[in-house]
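Values reported hereafter were calculated over all heavy atoms of this structure, with side chains retained and with hydrogens, waters and symmetry mates removed. Predicted model only: the values in this text are computed from it and were never measured.
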Amino acid sequence: MTDNRLVLHTNLRDQVFADEHDAVADFSFNSTVASVFDDMVSRSVPFYGEMQRMVCELARDFAQPQSKLYDIGCSTATTLLTLDHIVDNHVDFVGIDNAPEMLKKAAEKIEESGTNRSIDLVTADVHRGFTIDNASVVTMLLTLQFVRPLFRERVMKTIYDGLNDDGCLLLIEKLTSEDTTFNRLFIDHYYEFKRRNGYSSIEISKKREALENVLIPYRLEENIQLLREAGFKSTEVFFRWYNFCGIVAIK
């Protein structure tokens, strides 16, 4: 496999929730978050590098020349730039995000990378509709959980309709469990992971409060059902760590 080192800008440390006196508002991908997002995600998502490696390997398996690869919720283009070294150069990339500040950071990283691949960055709110066409691969990493549940069926149908036959969706999500014991244990171990990566109890608590009405996780079974109802013929879990899960679905 070719080099898949993550293109992360982690020179600025995530301290968004470090001040215990700041009022807590709903989490948003604003300029403050965008400036430290790469550090935030690398310290907040368990096995982030391994997730990216697995997504890239599977994307390479399904990507077809003269087709497109979409990353929905592309944030700062880490996935797209990692894929750039792995996927056939005749696959055009499209990154979709609803946060202008995140796309600004993405554009900077793409420019610095010196890639000669076609990479389009599109500002779009998936709640209001978006376009997928001639896609052999769609990636959606830790994004569907931010889509309001009322709209998730429509979003999944849009992705399915825009995929070519035998194309794939690579989905990574946080999960909840209907079993309260497992739910509590998994969340406790996740917070332990964040503490090991330097986050204080104040930061963990404030971010949890900020995300409470913004990030709404589904159970694994609910995500699988969503995919099947959209029309995907085959689904499989390819990654699992407590309450984080990766699913591949084939049209």
What heavy-atom pair brings [X] and [Y] nearest, and what distance separates the two atoms?
X	Y	answer
Arg43	Asp14	NH1-O, 3.5 Å
Ile96	Thr131	CD1-O, 4.2 Å
Glu173	Leu171	CG-CG, 4.0 Å
Asn89	Arg117	CA-NH1, 3.6 Å
Ser75	Asp97	N-OD2, 2.8 Å
Cys74	Leu121	SG-CD2, 4.3 Å

Is it the case that the side chain of [X] and the backbone of [Y] share a donor-acceptor pair, with hydrogens and angles ignored and the cut-off at 3.5 Å?
X	Y	result
Arg219	Leu175	no
Ser205	Ile202	no
Glu101	Asn30	no
Ser136	Ser67	no
Lys105	Val36	no
Arg196	Tyr191	no
Ser35	Thr32	yes

Over-ring placement of Lys207 relative to Phe17, 6.0 Å and 45° cut-offs: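 Here Lys207 fails the 6.0 Å and 45° test against Phe17.
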Can the positive tip of Lys251 be found less than 6.0 Å from the middle of the six-membered ring of Tyr160, inside 45° of the ring normal?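 The answer is yes; both the distance and angle limits are met.
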Would you say the side-chain atoms of [X] and [Y] include a donor-acceptor pair closer than 3.5 Å?
X	Y	value
Asp71	Thr139	yes
Thr176	Asn183	yes
Asn134	Tyr70	no
Glu229	Gln225	yes
Gln52	Thr79	yes
Ser31	Lys104	no

Under the side-chain contact (heavy atoms from CB on, under 4.5 Å) criterion, do Ile172 and Phe239 qualify, and how do the steps go? CA-CA 8 Å; Ile172 291 180; Phe239 174 89; 5.8 Å; no
Go through the steps to decide whether Asp166 and Lys233 satisfy the test salt bridge (Lys or Arg N to Asp or Glu O under 4.0 Å), and finish with yes or no. CA-CA 9 Å; Asp166 297 317; Lys233 66 183 180 182; 2.8 Å; yes
Partner of Phe244 by ring pair (Phe, Tyr, Trp, His ring centres under 6.0 Å), out of Phe193, Tyr190, Phe186: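 It is Tyr190, the one option of Phe193, Tyr190, Phe186 that forms the ring pair (Phe, Tyr, Trp, His ring centres under 6.0 Å) with Phe244.
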Any chain of hydrophobic side-chain contacts (each under 4.5 Å) joining Leu211 to Phe29?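 Result: yes, single cluster for both.
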Test Arg152 against Ile216 for side-chain contact (heavy atoms from CB on, under 4.5 Å), laying out the working first. CA-CA 11 Å; Arg152 292 187 192 183; Ile216 302 172; 3.7 Å; yes
With a 4.0 Å cut-off on N to O distance, would you call Arg53 and Glu50 a salt bridge?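 Yes, this pair counts.
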Of the options Arg128, His127, Met156, which is the one that meets Phe151 in a side-chain contact (heavy atoms from CB on, under 4.5 Å)?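 Going through the options one by one, the only one that passes is His127.
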Side-chain heavy atoms of Leu58 within contact of Cys56, under 4.5 Å: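 No, too far: nothing below the 4.5 Å cut-off.
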Decide if atom [atom1] of [X] counts as having more than 12 heavy atoms of other residues, nucleotides or ligands within a radius under 6.0 Å.
X	atom1	value
Glu192	CD	yes
Tyr242	OH	no
His90	NE2	no

Using the side chain to side chain donor-acceptor pair (under 3.5 Å) criterion, which residues pair with Asp179? Sequence neighbours excluded.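 Partners of Asp179 by the side chain to side chain donor-acceptor pair (under 3.5 Å) criterion come out as none, since no residue qualifies.
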Given side-chain contact (heavy atoms from CB on, under 4.5 Å), test Leu69 with Asp92 step by step and report yes or no. CA-CA 6 Å; Leu69 181 152; Asp92 293 339; over 6 Å; no
